Every structure is written in C-alpha cells, then in structure tokens.
Number of protein chains: 2
Amino acid sequence: MARAGLTTELVAQVGAELADEAGFDQVTPSALARRCGVKVASLYSHVAGGHDLRVRIAVLALDELADRAAEALAGRAGRDALIAFANVYRDYALAHPGRWAAAQMRLDRDTAAKSGAIRLSQMTRALLRGYDLPEAEQAHAVRLLGSVFNGWVSLEAGGGFSHSDPEPAESWTRALDGLDTLLRNWPSR
Amino acid sequence: MARAGLTTELVAQVGAELADEAGFDQVTPSALARRCGVKVASLYSHVAGGHDLRVRIAVLALDELADRAAEALAGRAGRDALIAFANVYRDYALAHPGRWAAAQMRLDRDTAAKSGAIRLSQMTRALLRGYDLPEAEQAHAVRLLGSVFNGWVSLEAGGGFSHSDPEPAESWTRALDGLDTLLRNWPSR
DNA sequence: TAGGTTGCCTAAAACCTTTAGGCAAATACA
DNA sequence: TGTATTTGCCTAAAGGTTTTAGGCAACCTA
C-alpha cells in the first residue's frame with residue numbers, strides 16, 4: 001500500500017496550514033487526517049493526540065515568529081528596531097491567523113522553555129538596549145511591549161478593528177510612535 | 001418529573017462558572033448538562049448548540065466587564081480614571097479566567113454591537129477626555145489602550161508572567177504610569 | 001379543572017477520539 | 001542480494017460528543 005510519507009514535523013506543518021485556512025479550533029485529528037489523505041488512526045503514529053498536535057503547532061508558530069524577529073532585528077537599533085520588531089508580530093499574525101491563535105495557547109513550563117517564546121522575550125530586552133532605561137525598569141518595559149504587540153495583533157487579527165474608523169495600519173504606526181516616545185521619556189520613579 | 005428550572009440566562013451563567021473553574025474550552029453541551037443535572041438534549045431547549053452557548057458566555061462576560069468599568073469610571077478623571085479602568089480589566093480577568101477567555105471570542109458583527117464591547121470602547125474614549133489629545137489622535141490612543149489592557153491581561157491570566165522576575169502587580173503599576181505619561185506627551189504629528 | 005405551553009426525557013444517527021492488532025513497504029545489515 | 005527489523009498505514013472496535021425528533025408530565029392560564 002502506497003505511503004503518504006508523513007513525519008511528526010510534516011504533520012505539524014500541515015496542521016499549521018489547516019489552522020490558517022480554517023481556524024485553529026478546526027485543527028483536529030480527524031480534519032487533519034482528511035487533509036493528509038490518511039486514516040485517522042494513522043496520525044497517532046506521529047502525534048500523541050489532539051492536544052499534542054495543537055501544542056506542536058503552537059511551538060512551530062513561536063519558532064517561526066522568533067526566527068523572523070531575529071532577522072528583523074539584525075543590524076537595527078532604537079526606533080528602527082522597535083518598528084521592525086513590532087511589524088514582525090503584526091505581519092505574521094495577519095498572514096497566519098491560525099498559527100497566531102496557536103501561539104496564544106497556554107503551554108506548560110518546559111514546552112514554553114524550549115519554544116521561541118523565550119527567544120522573543122530576550123529579543124525584546126535586547127531591543128530596549130537602544131533606549132536609555134534604568135536596569136530596574138527594563139523588565140516592566142519588556143512586559144508592556146509584549147502586551148501591546150500581543151494585544152494589538154490579537155485584536156486586529158480577530159477583527160476587533162474591522163468596522164471602525166481609521167485604517168488599522170495608520171493607527172499602528174501612530175501607536176508605535178507613541179511607544180517610541182514613551183521609551184524615551186520613561187517615568188522612572 | 002422534577003424540573004431543574006433552567007432558562008437561557010441561567011444556562012449561560014452556569015456555563016460562565018464552569019468556564020472559570022475548568023477552562024473555557026471545557027465548556028461543552030455535555031459538560032454543562034452534567035453540571036446542571038440534566039440530560040444533554042434538554043439543554044437544546046435553551047441554547048441552539050455548543051457555539052451559541054459559548055457566544056452567550058462571551059456576551060455575558062463583556063456585559064459584566066462593561067458594568068464594572070462604568071462603575072469604576074464614575075466620578076473619576078485623568079490618571080485616576082485610567083488606573084481604575086485598567087484595574088477593572090485586570091481584576092476581572094484574574095478573578096474570572098474562563099469568562100475572560102470567552103470575551104476574547106471573535107463575535108459576528110451584530111452580536112458584538114449588542115454586547116458590552118461597544119460600551120467599553122466608548123468608555124475608553126471618554127477616559128481620554130481627561131487628557132489633551134487632538135481629536136484625530138483619539139482613535140489611535142483608544143486602540144493602543146485597548147491593546148495594552150487586552151494584551152497584558154491575556155498574558156498574565158494565561159500564565160505568561162508566572163515564572164519571571166518582578167511581581168506582575170509591580171510591573172502593572174509601572175506600565176500604567178508609562179501610559180499616563182505617554183498620554184500627556186502624545187506625539188501628534 | 002380543561003387546555004395549552006414548555007421543560008425535560010428517551011431514542012437514535014452521525015460524528016470524533018483513542019487504543020489494539022496486523023500487513024506490507026521501507027530500511028539496515030549480513 | 002536475501003533476510004530481519006523497523007515503521008507507516010491499515011481495519012476494527014469501544015466510548016464519548018453533538019444534534020435532531022418525538023413524547024410525557026409538570027406548570028401556567030383561564
């Protein structure tokens with residue numbers, strides 16, 4: 001009988017495509033098996049179950065995001081770095097809404113530790129070196145930036161800005177302007 | 001046969017409790033029927049199906065959130081209002097993680113229009129009247145604030161800050177300080 | 001107390017998830 | 001090249017979920 005040639009990585013990859021096309025909550029063993037042209041039970045050779053499948057897609061997404069962020073940050077600093085980094089989040093989520101939804105999953109601690117999430121927060125911290133923040137304030141600023149990126153992108157990708165006035169892209173650049181000035185005038189106590 | 005006395009509202013209410021205790025993704029017709037002490041099919045008298053059930057919980061959460069926000073905003077302005085408003089989000093999400101997850105659902109347009117989401121964005125705009133932003137900048141600032149609140153609270157409620165250094169509460173007040181100064185020094189073009 | 005409404009039931013069809021066990025294609029190795 | 005092992009996919013089956021259809025009895029109304 002002809003084989004489809006699946007591997008764990010390939011299954012996660014196809015799952016990510018399915019997530020982007022149909023929504024992350026449509027990513028189930030049975031839907032994925034259909035898309036791979038394989039019987040459901042066959043997936044269980046590659047993946048431990050539905051939850052494991054979704055976690056693998058989340059990790060894949062976080063790694064892709066971290067890779068792109070690293071590339072965007074190379075050779076940039078200060079405002080340029082901030083904007084490039086932020087746009088990686090936004091572009092990724094708009095291009096890959098299913099993967100973005102996957103990346104929002106709550107991961108257990110050591111899965112998270114092995115994922116791109118750590119690299120992303122390290123890069124955020126590196127980005128802040130282009131601004132003159134006191135050491136003690138950096139952790140707070142990292143969290144604020146992470147919140148803005150995650151929050152904005154989830155709202156926009158989720159259609160939260162769809163039916164209101166200004167173009168989201170316009171607001172986005174204004175928001176980044178705002179963050180840049182905030183980082184230059186950070187209220188240290 | 002003794003009746004349980006369910007109504008559509010009550011079902012949504014019990015669903016919200018279940019979401020907070022077990023996680024929003026555990027809210028299914030069968031799990032909810034068990035908790036209500038009723039057979040699964042009986043739920044379908046009150047709710048059109050699993051998706052409808054989840055949407056009703058989302059709307060319930062958004063309405064609760066908007067009610068609390070309105071109360072917090074009453075009689076406050078400027079920095080006080082900002083902090084009180086922001087804390088409504090944070091306190092609500094930490095106290096009701098399942099409802100918060102529900103509130104993140106993507107709603108179709110006119111469901112969203114009838115939910116507390118509209119009121120929340122109107123209140124955000126009202127809050128900005130305490131700061132001196134040019135009319136054209138307000139829409140951008142509304143979106144930035146919404147992003148920070150949503151993003152922060154999703155990260156914290158999802159455990160994103162669990163295993164890193166400073167207390168989240170400490171970072172939160174510093175982040176709000178930051179937003180306050182940003183709104184006072186908004187870079188109008 | 002008769003009549004209609006409605007809340008809950010049982011039954012059943014169609015699906016999904018997961019485990020167990022088997023065959024044959026790929027691979028490793030003598 | 002032929003044999004042994006691994007492994008990718010299969011069928012079968014058990015148990016759970018979602019949803020629809022149809023029925024009975026408890027509640028409200030008059």
Side-chain angles (χ1 to χ4, degrees), chain A residues 1-60 98-99 101-102 104-108 111, chain B residues 1-60 98-99 101-102 104-108 111:
Chain A
M1 189 156 288
R3 293 191 178 193
L6 296 183
T7 63
T8 303
E9 289 73 29
L10 195 54
V11 166
Q13 186 69 43
V14 176
E17 289 161 19
L18 176 58
D20 285 337
E21 288 168 27
F24 186 53
D25 44 352
Q26 300 300 309
V27 178
T28 60
S30 61
L32 193 54
R34 269 191 298 274
R35 177 179 258 253
C36 291
V38 141
K39 297 292 172 181
V40 198
S42 306
L43 273 191
Y44 285 77
S45 309
H46 305 288
V47 148
H51 183 256
D52 180 46
L53 168 61
R54 262 159 280 164
V55 169
R56 297 192 119 92
I57 297 173
V59 171
L60 180 152
R99 285 151 146 109
Q104 306 308 113
M105 266 190 83
R106 183 173 200 156
L107 301 177
D108 58 285
T111 307
Chain B
M1 188 156 289
R3 294 192 178 193
L6 296 182
T7 62
T8 302
E9 289 71 30
L10 194 54
V11 166
Q13 187 69 42
V14 177
E17 288 162 20
L18 175 58
D20 285 336
E21 288 169 28
F24 186 52
D25 44 352
Q26 301 300 310
V27 177
T28 60
S30 61
L32 193 54
R34 270 191 297 274
R35 175 179 260 253
C36 291
V38 140
K39 297 290 171 180
V40 198
S42 307
L43 274 191
Y44 285 77
S45 310
H46 305 289
V47 148
H51 183 256
D52 180 47
L53 168 61
R54 261 161 273 151
V55 168
R56 296 192 120 93
I57 297 173
V59 171
L60 179 153
R99 285 150 146 109
Q104 305 310 111
M105 268 191 81
R106 183 175 200 154
L107 301 177
D108 59 284
T111 307

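Quick note on labels: first sequence line is chain A, next is B, and so on, each numbered from 1. Here the structure is a predicted model, which means the values were calculated and not measured. Computation of the quantities below employed the complete heavy-atom set of this structure, encompassing side-chain atoms and omitting hydrogens, waters and symmetry-equivalent molecules.
Proximity of B:Phe24 to B:Ile57: side-chain heavy atoms (C-beta onward) are separated by under 4.5 Å at one or more points. Looking at A:Leu6 and A:Leu43, their side chains come closer than 4.5 Å, going by heavy atoms from C-beta outward. Side chains of B:His51 and B:Met105 form a contact here, defined as non-hydrogen atoms less than 4.5 Å apart.
Rounded to an integer number of Å, the gap from CZ of A:Arg54 to C1' of C:dT18 is 13 Å. D:dT7 atom P lies 17 Å from atom CG of A:Leu10, rounded to whole Å. In this structure, A:Arg34 places its CZ atom 13 Å from C1' of C:dT17, rounding to the nearest Å. Across the protein-nucleic acid pair, A:Leu6 atom CG and D:dG8 atom C1' stand 8 Å apart, rounded to whole Å. Rounded to whole Å, the distance from CG on B:Asp25 to P on C:dC16 is 19 Å. When the P atom of D:dA21 is taken as reference, atom CG of B:Leu43 falls 18 Å away, rounded to whole Å. Spacing between atom CD of A:Gln26 and atom P of C:dC15 amounts to 15 Å, rounded to whole angstrom units. Remark: C1' of C:dT5 and NE2 of B:His46 are 14 Å apart, rounded to the nearest angstrom.
For B:Ser42, counting side-chain heavy atoms from C-beta on, the closest listed nucleotide (C:dA11, D:dC9, C:dC8) is C:dC8. Here the side chain of B:Lys39 is nearest to one of C:dT10, D:dC10, C:dG7, namely C:dT10. Minimum atom distance to the side chain of B:Ala41 is reached by C:dT10, of the listed C:dT10, D:dT18, C:dT17.
Contact between the side-chain N/O atoms of B:Ser30 and the OP1/OP2 oxygens of D:dG16 is not found at any separation under 4.0 Å. Taking side-chain N and O atoms only, A:Thr28 has no distance below 4.0 Å to OP1 or OP2 of C:dC16.
Looking at heavy-atom distances under 4.0 Å, B:Ser45 makes contact with a base.
Salt-bridge check for A:Glu21 with A:Arg35: passed, with a basic side-chain N closer than 4.0 Å to an acidic carboxylate O.
Judged by distance alone, with hydrogens and angles left aside, the side-chain atoms of B:Asp20 form a donor-acceptor pair with the main-chain N or O of B:Gly98 at under 3.5 Å.
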